[in-house]
Amino acid sequence: MTLTIYNTLTRQKEPFQTLEPGKVRMYCCGITVYDYCHLGHARTCIVWDVVRRYLEWRGYSVQYIQNFTDIDDKILNRAREEGTSMEDVSERFIKAYFEDMERLHVRQADAYPRATQTMDGIKRLVYELEQKGYAYPANGDVYFCVCRFHGYGKLSGRKLEDLQAGASGRVDLEDPEVAKKKYPFDFALWKAAKEGEPSWESPWGKGRPGWHIECSAMVRERLGETIDIHVGGSDLIFPHHENEIAQSEAVTGKPLAKYWLHNGMVKVGGEKMSKSLGNFITIRDLLDRPIDPMAVRLFILQAHYRKPVDFTDEALEAATNGWETLKEGLLFGHKYGKQLGWEDFTPVSHSLKQHETHKCRNQVPATASRFQEAVDDDFNFAGGLAVLFEIAKELRKEGNLLVHQGTTEIPADELETQWHILVELAAVLGFEARPEEESDRATDLTDEEIEALVQKRSEARKAKNWAKSDRLREELKERGITLIDQPGGVTNWHRN
RNA sequence: GGCGGCAUAGCCAAGUGGUAAGGCCGAGGACUGCAAAUCCUUUAUCCCCAGUUCGAAUCUGGGUGCCGCCUCCA
């Protein structure tokens, strides 16, 4: 089976082939650290986290880099408002970022380069662009000359003429920065220092880098001149990624990335969630409601990554309920493994036995291959989730049968296999259920005490003293015991 | 104005030529003193029009509606 992915660059699905066998070099445009992350950021991080996990599950060794933009007007503005420094602001929100991502169960990238730590690489790129005639200085700024780069617009499907036409009326010629440019669409590689702002020494005088150049420099420094996959939000296609391509390819003469992937936006009330519209909800606010992080992940993963997804309370509730179902399946082994006499009911952790699974692909059960078949088609996680739900629902049913009837329909060893597959596939999507969350709610009653109360209730029932029997049932319920009346007057019970 | 995308049940959402995955919500039934839990069953012809085809949600053309990008943006 072949993994096929949609490439923004070619606007079609292509079979995935790495530059180097078995290895994937992947770069994700991260965030500008001037505020807490919102659900839109969460989507980006979760989607590419899962892409990475999936590639690894498919047997690739993935090198995954994500940057932090820690030089920017917004950060400076915030620092000014607070009376603190740029470093102070960026450090704080980088810390917050990691806290949020940990809660969302997003795995850490292999490295998180920052603009302020990539200064040499940035200056080298600007210098080389200038040497090759793609850049020109203007009063301490340095601009990229868009007209000189012939591939400009290839990613976003724009022509220079269209851009110019579209810009008429938008470009403010009075703006001093615009006035320095030869063409309105030239963009800054380096900006001259302003009074009271952080700056770095450079051949063009004191200043700081433009936004786009840092990614070009980081990719080159960390992953090389051409990488396999470059990802980010679809709102970065133009101008950010277009400019990255221009800068990098003008210098190296090689493609910056083979595949360009972009995730769709999160919407609220039909509109894009964004800072400027003020319709955003931060990850921490959402999780503090509280919403289970896994429900958030499910909400994100149930939509195809390229499509926009609408955030509503209803959708969130559906995801929360859906996660409950999935969770019950994932906890099956912990709850019933012992009872079913499994030899080994510890779950395979997400760091995975899957490589071994790969070695015996011919034995991989049909469910796992259906999962792979779905996800191989441009990361159709929703399709893969359907497979997970199938298993989870079956396990839940078998677990219930065990509780209610004391026996399962499916043989124990088969259930064990199913469960292991479920746990493994769920981990590929980043889902994990922790058994301790469940056992914490244990009651203080001993089995004997419960039995005694159940017996008392049975007697009340026999005497048709419904008030008393209902009171006893209610009492036990409050103490975490669920009663199950069965035909023939037998009452089973279990701790919640 | 330019470029791109989307339109599938009450809601969310896969599917991209052979008569519609999955999730959520709901309905009916079994069981029960009632309930809870559980089990079983059940909910669409795919925005509109025309065309191609033996056959289209799926391809082509037209229309309508919505969204994104074109300025910082995940």
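Just so you know, these numbers come straight off a predicted model, no measurement behind them. Per chain, numbering begins at 1; letters A, B, ... match sequence-line order.
In this model, a side-chain donor or acceptor of Ser469(A) finds a partner on the base of G33(B) within 3.5 Å. Not a single donor-acceptor contact under 3.5 angstrom links the side-chain atoms of Lys267(A) to the base of C67(B).
A 4.5 Å side-chain heavy-atom check between Thr282(A) and Asp100(A) finds every atom pair outside the cut-off. Annotation: side chain of Asn7(A) is not in contact with side chain of Ile5(A) (no heavy-atom distance under 4.5 Å).
Using the Watson-Crick or G-U wobble rule with both distances under 3.5 Å, G26(B) pairs with U42(B). Pairing of G17(B), defined by two Watson-Crick or G-U wobble distances under 3.5 Å, is not identified with any nucleotide. In a base pair of the Watson-Crick type (N1 to N3 plus N6-O4 or O6-N4) or a G-U wobble (N1-O2 and O6-N3), with each distance short of 3.5 Å, G33(B) is matched with no nucleotide.
Nucleic acid contact class of His38(A) (heavy atoms, under 4.0 Å, all strands): base. Nucleic acid contact class of Gly40(A) (heavy atoms, under 4.0 Å, all strands): base.
Look at Asn400(A) and you won't find any side-chain N or O under 4.0 angstrom from OP1 or OP2 of A37(B). At C40(B), one or more side-chain N or O atoms of Lys397(A) fall inside 4.0 Å of OP1 or OP2 (strictly under the cut-off).
Aromatic rings of Tyr305(A) and Trp48(A) (six-membered ring for Trp) have centroids within the 6.0 Å cut-off, being under it. A centroid separation of 6.0 Å or more is found between the aromatic rings of Tyr152(A) and Phe185(A).
Among Tyr54(A), Tyr259(A), Tyr6(A), the one residue that satisfies the ring-ring contact (aromatic ring centres under 6.0 Å, His included) test with Phe16(A) is Tyr259(A).
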So which protein N/O to nucleotides 34-36 of chain B N/O distances come out below 3.5 Å?
residue	atom	partner	partner atom	Å
C34(B)	O2	Arg473(A)	NH2	3.4
C34(B)	N3	Arg473(A)	NH1	3.0
C34(B)	N3	Arg473(A)	NH2	3.2
C34(B)	N4	Arg473(A)	NH1	2.9
C34(B)	N4	Asp485(A)	OD2	3.4
A35(B)	N6	Asp485(A)	OD2	3.0
A35(B)	N1	Arg473(A)	NH1	3.2
A35(B)	N3	Arg473(A)	NH1	2.8
A35(B)	N3	Arg473(A)	NH2	3.4

Give me the distances for all protein-to-nucleotides 16-23 of chain B N/O pairs that come in under 3.5 Å?
residue	atom	partner	partner atom	Å
G23(B)	OP1	Lys393(A)	NZ	3.0

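Closest to the Phe238(A) side chain, of the nucleotides C69(B), A74(B), C67(B), is C69(B).
Mapping Ser156(A) and Tyr34(A) onto RNA chain B via the closest heavy atom, the residue that lands nearer the 5' end is Ser156(A). Heavy-atom nearest nucleotides on RNA chain B were determined for Val309(A) and for Gly233(A), and the one closer to the 5' end corresponds to Val309(A).
For the C1' atom pair drawn from U41(B) and A7(B), the interatomic distance equals 32 Å after rounding to whole Å.
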